Each structure stands twice: as structure tokens, then as C-alpha cells.
Amino acid sequence: MKKILFIAFSVIVIASCDKIDDPIPASAGVTIELDGNTEYIIDSSLNISGSTELLDFISNRTWDTVVSPDNSVQRFTVLEEFTGHTCNNCPDGARRIQQLVDVYGDQLIPIAIHASNQFATPLPSGNKFRTDFRVDGGHGEIYLDNLNIGALPQGIVSRSTPSGRQINQWESDFLAIKDDTPLASLKLQSFHSGSDTLVRIQIDIEWLSTLPEIYNLQVHLLESNIIDWQKDGVRDVPDYNHKHVLRKVVNGTYGIALNPAVAGETQSIQYITTFNSSFVPENMEVVAFIFDNGGVPNKEIIQGNSVHLKPEN
């Protein structure tokens, strides 16, 4: 069994999210695995190719650190909401999500995916709807097609249904699975330094059951409090607050394969990734989830979690 890195450190940061120095791993191999424990997956633009560069990179910064909620005894769900800034009914979906989050808290994790040529494409002229909220790489369109999303707004709760669902079905879909015994725990820690446009994302997984399926890990960066145009019914709203917007798919459209699911086994991965300088770190969060990569048709998400980049005031 692999032990989880940063255990002692986690106890400290749970009690306080003040700015602190991140502990430096004792050693690193050329594969950027530390002590055979955590696999570091590093954005190529950072030019970190070995242990010396990695240790220098970590030690030469002071990191704000935030820890995710504990989901070792609870299944957290991911609501992928498909939306667009020229979709006049889509704000109803956003308002419904806020209502559900107010009731169910951390257990419901929303992701707003701006997709569809009809509603998410920026307008070519004028001063309205010029911003492109679609995630780079075309991932949103792939998710929209592969998850069988129909007329917007639609959403899908932990990919537990064969196609997208209407606003009034989201809560019942959530309630149908919210009390399921979790199959894995998924712990996140974010490390962000100053005004840097990069984040370290520590991911610690413990399998709580032995399972035959093949599971993948997906990691996203989201941003909230983006003030811009949005159609809302018959109105064009200039100062609409766009929340939970998918900004970056960190590890590919369908993530990476995890080790086999064996009860008691753990796996630790840390992504070091960059983001666009226009994104506001104080408004950003990391969302990660584990899904059945052999699932038909929708690759059901069995566990998720989220963590902010910056400590909340």
C-alpha cells in the first residue's frame, strides 16, 4: 500500500489557511516521482525536467494552501451544466444550481460548460456577447455530444443517466445517488503562489472497495464571478455573474487511467499546471472526479471533490 504524501502537513492546513511554506519532498527521481509515492505531472512550459528543477521550483515560492472537504464517508456528485451566453433560458439553470448548492453544500459540485455553436459562440460584431467562454481544446463540444445533451439548458448528475436532463430533474437525480456508500475517497489540496498563473494540485485517492472496472481521473480548473453579457429571458444583461465556468481541462478530455481499484490501496498525483493570465485566482477552483472509463454510455462519476485556489475570506 502506498502511503499518502503530506499527511502531517494536512493537519496544519485544515486548521488554518494562512500563507505558509510548503514542505519540500526529501528526494525526487528522474521520472518526477517522489519516494515512489507521488507522481508529479508538470506543464511542459515550466521547463521542469528532473528532481533538481522540481525542488527548486517548490522551495523558491511561498504557497497559499487550501484543502478540500472530506468525502471519505460520502459520495460527492458532479453536476455538469451545459449553457451558453446567448441561451435565454440558461440563467434558469444557473439559478437552480445555486438553490441546490445552498441546500446540499459541498456534496454537489457544479461545472458550467459553455458549449453549442448556437448559444456559446461569440457574436462577431457589436459590443455584446463577444467573450468566448468555451474551454480551449474543444472539450465542451465533445462532452456535449458524448453525454447526449439536447436543447439547452440541460445537465447531467455524475453521468448517472443516459442523456442530459432538464432543470426540474436535477434534484431527483442527485437524491437518487447522494446516499450511496462511497467507493473511493478523493482528497484535493491546491497550492498557489502570489500572483503566479500556475497552480499545484495534490490529489490523494484511497479505494474503499475492490472493483473490477477501469477508472479514470479527470481534473478541471473553474472560474466564478465573471461579469459579462448574458441573455436572460427577453433581456440582454450586461453585468451577469457567470459562475463555475469550465476554464481549463488539465489532463485531457477523459483524463488519465488510475491504478486498479483495490480496497485500501492509495494513489497520489500532483499536477503542476498553468492558466490564462486573464483568470482571477481568487475566483478559481479545482474540480477533480473519478469515473468509470468502461461505463456505457456515460462513464459514471463515482466520486468528486473541489477546492479553491485561494483561502476564502
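Because the structure is predicted, anything quoted here is derived from the model rather than measured. Sequence positions, counted from 1, serve as the residue numbers for this chain.
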Quick check: closest heavy atoms across Ser193 and Arg61, and the distance to 0.1 Å? OG-CB, 3.5 Å
Atom of Val286, atom of Leu188 and distance for their closest heavy-atom approach: O-CD1, 4.1 Å
pair Val245-Phe279: side-chain heavy atoms closer than 4.5 Å: no
Nearest-0.5 Å distance that lies between atom CD in Gln267 and atom CG in Asn259: 3.5 Å
Just wondering, do Thr273 and Val219 contact through their side chains at under 4.5 Å, heavy atoms? no
Correct closest heavy-atom pair for Tyr143 and Thr253 would be OH-O, 2.6 Å
Interatomic distance, Asn168 atom CG to Asp173 atom CG [nearest 0.5 angstrom]: 10.0 Å
Side chains of Ile111 and Phe289 in contact at under 4.5 Å (non-hydrogen atoms): yes
For a quick check under 3.5 Å, do Gln218 and Asn216 share a side-chain donor-acceptor pair by atom type? no
Hey, are Arg96 and Glu171 close enough for a salt bridge, meaning a charged N less than 4.0 Å from a carboxylate O? yes
Quick test of your reading of the model: are Arg75 and Glu300 salt-bridged, counting only N-O distances below 4.0 Å? yes
Any chance you could measure Leu100, atom CG, to Gln107, atom CD, to the nearest 0.5 Å? 12.0 Å
For Asp236 and Pro238 the tightest heavy-atom approach is O-CD, 3.5 Å
In this structure, CG of Leu123 is separated from CZ of Phe129 (nearest 0.5 Å) by 6.5 Å
Return yes if a side-chain donor-acceptor contact under 3.5 Å exists between Asp232 and Tyr240, otherwise no. no
Is it true that a side-chain atom of Glu141 and a backbone atom of Gly138 form a donor plus acceptor pair closer than 3.5 Å? no
Give a yes/no verdict on a cation-pi contact between Arg159 and Phe291, requiring under 6.0 Å between NZ or CZ and the six-membered ring centre and an angle within 45° of the axis. yes
Please confirm whether the backbone N or O of Lys310 pairs with a side-chain atom of Asp64, one donor and one acceptor, at under 3.5 Å? no
Do Asp292 and Lys299 meet the salt-bridge criterion of a basic N to acidic O distance under 4.0 Å? no
Side-chain contact test, heavy atoms from C-beta onward, threshold under 4.5 Å: evaluate it for Val249 versus His220 and give yes or no. yes
Would you say Lys231's side chain and Gly84's backbone share a donor-acceptor pair under 3.5 angstrom? no
Glu223 side-chain N/O to Val280 backbone N/O, donor-acceptor pair under 3.5 Å: yes
Please state whether the rings of His85 and Phe133 are parallel, tilted or perpendicular, taking 30° and 60° as the class boundaries. perpendicular
Any chain of hydrophobic side-chain contacts (each under 4.5 Å) joining Ile97 to Ile156? no
Do Val287 and Leu147 share a hydrophobic cluster, counting only Ile, Leu, Val, Met, Phe, Trp and Tyr and linking them when any side-chain heavy atoms are less than 4.5 Å apart? yes
Distance-only donor-acceptor check, side chains Ser224 and Asn283, under 3.5 Å: no
May I ask you to decide if Val262's main-chain N or O and Thr210's side chain share a donor-acceptor pair within less than 3.5 Å? no
Does a side-chain heavy-atom distance below 4.5 Å link Tyr254 with Asn146? yes
Can you get from Ile149 to Ile142 by hopping between Ile, Leu, Val, Met, Phe, Trp and Tyr side chains that sit under 4.5 Å apart? yes
Are Leu246 and Leu152 joined in one hydrophobic group, where the rule is that I, L, V, M, F, W and Y side chains link up if heavy atoms are under 4.5 Å apart? yes
Between Gln230 and Cys87 (side chain of the first, backbone of the second, donor and acceptor by atom type, cut-off under 3.5 Å), is there such a pair? yes
Would you please classify the geometry between the His242 ring and the His114 ring as parallel, tilted or perpendicular, with 30° and 60° separating the classes? tilted
For Asp136, look at atom CG and say whether over 12 heavy atoms of other residues, nucleotides or ligands are found less than 6.0 Å away. no
Spacing of OG belonging to Ser185 relative to CZ belonging to Phe76, to within rounding of 0.5 Å: 11.0 Å
Might you point out which heavy atoms bring Asn127 and Trp229 nearest each other, and give the distance in Å? O-NE1, 3.3 Å
Is a side-chain N or O of Thr38 found less than 3.5 angstrom from the main chain of Ile269, in a donor-acceptor match? no
Measure the shortest side-chain to side-chain distance between Ser116 and Leu144 over non-hydrogen atoms and say whether it is less than 4.5 angstrom. yes
Is a side-chain donor or acceptor of Ser190 paired with a backbone partner of His308 at a separation under 3.5 angstrom? yes
Between Asp196 (side chain only) and Leu198 (backbone N and O only), is there a donor and an acceptor less than 3.5 Å apart? no
For residues Val66 and Ile203: do they belong to one hydrophobic cluster (side chain heavy atoms under 4.5 Å, members Ile, Leu, Val, Met, Phe, Trp, Tyr)? yes
Heavy atoms only: give me the nearest Trp63-Ile58 pair and the separation to one decimal. NE1-O, 3.0 Å
At what distance, to the nearest 0.5 angstrom, does CG of Leu309 lie from OG1 of Thr65? 10.5 Å
Side-chain (Gln98) to main-chain (Gly93) donor-acceptor, under 3.5 angstrom: no
If you define the side chain from C-beta out and look only at heavy atoms, does anything of Pro153 sit under 4.5 Å from Asn89? yes
